[in-house]
Every structure is written in C-alpha cells, then in structure tokens.
Amino acid sequence: MKIGIIGAGNIGGNLTRRLTALGHDVSVANSRGPHTLTDLAKETGATAVPVEEAARGAQVVVVTIPLKAVPNLPSGFLDGAAENVAVIDTGNYYPQQRDGKIAEIEEGLTESRWTERQIGHPVIKAFNGTYAQDILDKPQPKGTPGRVALPVSGDDEAAKKVVRDLIDEIGFDTVDNGGQDNSWRQQPGTPVYGLAKDAEAITKALSEASPERTAEWRA
C-alpha cells in the first residue's frame with residue numbers, strides 16, 4: 001500500500017522502518033521539513049516529503065504528532081489521499097507534560113474525537129499506548145501464542161478493518177475497542193495504556209478502565 005506518515009518521532013520513525021521493511025511505499029513528513037529526514041529516508045527507502053504532500057495517493061495516513069500541533073496541520077492536507085483513506089491517530093493528551101490545557105478534552109471529549117474535529121476527517125485510534133521500540137522488537141507471526149495485541153477504536157468499520165489488517169501484517173493482534181466515543185478506554189492513565197500483552201489481557205484491561213481522569217492526566 002501507499003502509506004503517508006506525518007511525524008517522524010519515535011513512533012513515526014519506527015512505523016516507517018517496519019512498514020518499508022514489509023514492502024509498503026511510505027512517504028514520511030515532519031514539521032521541520034524533508035531535509036531533516038534524509039537519514040531516515042536513506043535507512044528505510046521511504047520518501048521524505050513536505051507535510052502537504054504526505055497523504056498524496058495514500059490509502060493509509062498515520063498522524064503521529066503532539067496533540068497541541070494537530071491544529072497547525074496544513075488545511076486540506078488529506079485532499080490528495082486515496083478515496084476512503086484510513087487515518088490512524090496515535091496521539092495522546094499530555095496537558096501537564098507537553099500540550100497545555102485543551103478545554104474540550106478536559107470537559108470530556110475523547111482525545112481522538114477532538115483530533116477528528118481539528119482535521120475534519122474520521123480517525124482510527126491505534127498505537128497510542130504502544131512503546132515505540134515494541135514496534136520493532138515484538139512483532140510475531142499470526143497465531144503465535146501470547147502475541148501482543150493492540151486496542152483499536154473508530155467509527156468507520158471499513159477503515160478500522162484496513163488498520164487492523166495492517167497491524168496484523170506488522171506483527172500484532174488487535175482488539176476492537178468499539179467506536180470513538182469509547183476510545184477513552186485506551187487513553188493515558190488507563191490499565192491498557194502501555195500494556196504489551198495478548199488479546200485476552202488487553203480485553204480485560206479495556207473493561208477495567210474508568211472514564212475519570214486522574215490528576216496526573218488533567219491540566
């Protein structure tokens with residue numbers, strides 16, 4: 001597939017490495033410009049592009065940038081994407097640590113629903129609680145006992161299937177966490193956040209989540 005990745009930090013960089021290794025055509029962008037991605041492009045064979053071009057022709061676009069930067073994405077950055085593009089949101093709200101206060105999230109809007117409103121497109125929430133190094137170190141073949149599973153949330157069932165199939169190809173099982181209004185179950189501070197366990201353990205952790213944000217995760 002043609003895949004665009006916006007954000008070349010730990011998650012974006014390692015997704016670029018893994019997806020190119022699987023033979024996908026990856027375009028990668030960051031806020032500082034393609035000239036800063038020369039080493040990553042050389043290492044992986046990905047194409048470094050401006051943010052405005054990352055989604056061009058892409059069937060999947062990964063948005064993996066700080067939440068506070070989402071409103072600064074170029075207007076229409078998804079316009080050149082393939083029809084029915086699946087947009088993966090890996091983001092997390094870190095009010096004290098990085099993002100500052102976002103009132104709508106503080107008032108109860110889920111983080112990915114907020115992102116959807118900023119970019120004007122549905123998203124599939126995935127990889128937000130995954131350690132970046134696990135993307136390289138923990139893939140296993142389908143059917144392997146104890147295979148690590150990732151929770152996935154989103155309203156668009158067709159896009160969710162594309163994302164779940166891609167995660168399976170990367171080397172992980174998935175657990176469907178339902179629609180975007182249920183995605184608080186995988187936000188920071190929940191039992192599933194950062195949990196690298198199998199599907200049974202992920203399902204249990206999602207069921208044990210509380211919608212109440214602890215003090216650490218509030219502005």
Side-chain angles (χ1 to χ4, degrees), residues 3 5 7 9-12 14-15 18-19 22 60-67 70 85-94 99 105 108-117 119 121-214 216-217:
I3 298 173
I5 297 180
N10 294 333
I11 294 285
N14 282 352
L15 282 174
R18 187 78 184 112
L19 291 167
L22 292 167
V60 174
V61 173
V62 183
V63 178
T64 179
I65 61 176
L67 219 64
V70 169
V85 60
V87 179
I88 299 174
D89 168 34
T90 78
N92 293 303
Y93 176 46
Y94 299 135
D99 296 314
I105 296 175
L109 191 67
T110 66
E111 296 166 17
S112 285
R113 184 70 79 198
W114 181 85
T115 295
E116 287 183 336
R117 293 182 180 182
I119 69 173
H121 194 283
V123 302
I124 305 299
K125 189 176 191 69
F127 295 107
N128 73 292
T130 307
Y131 289 108
Q133 195 58 37
D134 288 356
I135 293 169
L136 302 182
D137 292 349
K138 295 198 171 172
Q140 292 177 299
K142 188 180 183 72
T144 302
R147 193 189 198 205
V148 172
L150 308 183
V152 178
S153 304
D155 299 329
D156 184 331
E157 292 300 325
K160 190 190 288 184
K161 183 180 188 310
V162 169
V163 173
R164 294 182 73 184
D165 287 349
L166 184 63
I167 292 171
D168 181 37
E169 185 186 354
I170 289 171
F172 300 93
D173 286 342
T174 55
V175 173
D176 189 343
N177 184 45
Q180 212 52 270
D181 289 338
N182 211 35
S183 62
W184 57 266
R185 292 184 181 274
Q186 66 187 90
Q187 292 178 169
T190 61
V192 84
Y193 182 76
L195 185 66
K197 299 285 186 180
D198 65 10
E200 183 179 354
I202 295 301
T203 302
K204 182 174 184 289
L206 288 167
S207 73
E208 293 170 348
S210 166
E212 294 299 318
R213 286 181 180 272
T214 59
E216 181 184 1
W217 303 109

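Heavy-atom basis, side chains included; hydrogens, waters and symmetry copies ignored.
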Could you go through the side chain to side chain contact (heavy atoms under 4.5 Å, CB included) check for Tyr193 and Asn128 one step at a time? CA-CA 8 Å; Tyr193 182 76; Asn128 73 292; 4.2 Å; yes

Dump the intermediate steps for salt bridge (charged side-chain N to carboxylate O under 4.0 Å, His left out) on Lys161 and Asp165, then the final yes or no. CA-CA 6 Å; Lys161 183 180 188 310; Asp165 287 349; 2.7 Å; yes

Kindly determine whether Phe172 and Thr130 satisfy side chain to side chain contact (heavy atoms under 4.5 Å, CB included), including the steps that lead there. CA-CA 11 Å; Phe172 300 93; Thr130 307; 5.7 Å; no

Ser183 vs Gln186, side chain to side chain donor-acceptor pair (under 3.5 Å): CA-CA, chis, key distance, verdict: CA-CA 6 Å; Ser183 62; Gln186 66 187 90; over 6 Å; no

Test side chain to side chain contact (heavy atoms under 4.5 Å, CB included) on Asp89 and Glu111; report intermediate values, then the result. CA-CA 10 Å; Asp89 168 34; Glu111 296 166 17; 5.8 Å; no

When you look at Arg113 and Asp155, which way does the side chain to side chain contact (heavy atoms under 4.5 Å, CB included) test go after all the steps? CA-CA 10 Å; Arg113 184 70 79 198; Asp155 299 329; 2.9 Å; yes

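The environment of Glu200 atom CD is sparse: at most 12 non-hydrogen atoms of other residues, nucleotides or ligands sit within 6.0 angstrom. With a 6.0 Å radius and a threshold of 12 heavy atoms from other residues, nucleotides or ligands, Asn10 has its CG atom at or below the threshold.
Within the 4.5 Å cutoff, the side chain of Leu15 has no heavy atoms near those of the Thr64 side chain. The shortest distance between side-chain heavy atoms of Val148 and Asp134 does not fall below 4.5 Å. For the pair Ile88/Phe127, a side-chain contact is recorded, criterion being any heavy-atom separation below 4.5 Å from C-beta on. For the pair Val63 and Val123, the minimum side-chain heavy-atom distance is 4.5 Å or more.
With rounding to the nearest 0.5 Å, the separation of CD in Glu116 from OG1 in Thr110 is 7.0 Å. Here the NZ atom belonging to Lys197 is positioned 9.0 Å from the CD1 atom belonging to Ile202, to the nearest 0.5 angstrom. Here Leu19 contributes atom CG and Ile5 contributes atom CD1; the two are 5.5 Å apart, rounded to the nearest 0.5 Å. One distance of note links CD1 of Ile65 with CD1 of Ile11; it measures 14.0 Å at 0.5 Å rounding. The CZ atom of Arg117 lies 11.5 Å from the CH2 atom of Trp114; values are rounded to the nearest 0.5 Å. Summarising the geometry, atom NZ belonging to Lys138 is positioned 10.0 Å from atom CD belonging to Gln133; distances are rounded to the nearest 0.5 Å.
At distances below 3.5 Å, at least one donor-acceptor pair connects side-chain atoms of Lys125 with backbone N or O atoms of Gly91. No side-chain donor-acceptor contact under 3.5 Å links Asn14 to the backbone of Leu136. One N or O on the side chain of Asn177 and one on the backbone of Asn182 form a donor-acceptor pair closer than 3.5 Å. Between the Lys160 side chain and the Gly154 main chain, a donor and an acceptor come within less than 3.5 Å of each other. Looking at Arg185, its side chain never comes within 3.5 Å of a backbone N or O of Thr190 through a donor-acceptor pair.
What you find for Leu195 and Ala205 is that their closest heavy atoms are CD2-CB, 3.8 Å. The heavy-atom pair separating Tyr93 from Ile105 by the smallest distance is CD2-CG2, 3.3 Å. The two atoms that bring Tyr94 and Pro188 nearest to each other are CE2-CG, 3.9 Å, heavy atoms only. Annotation for Ala149 and Asp198: closest pair CB-C, 3.9 Å, computed over non-hydrogen atoms. In this structure, Glu169 and Arg18 approach most closely via the heavy-atom pair O-NH2, 4.3 Å.
If you run side chain to side chain contact (heavy atoms under 4.5 Å, CB included) between Arg164 and each of Asp173, Leu150, Thr174, only Thr174 comes through.
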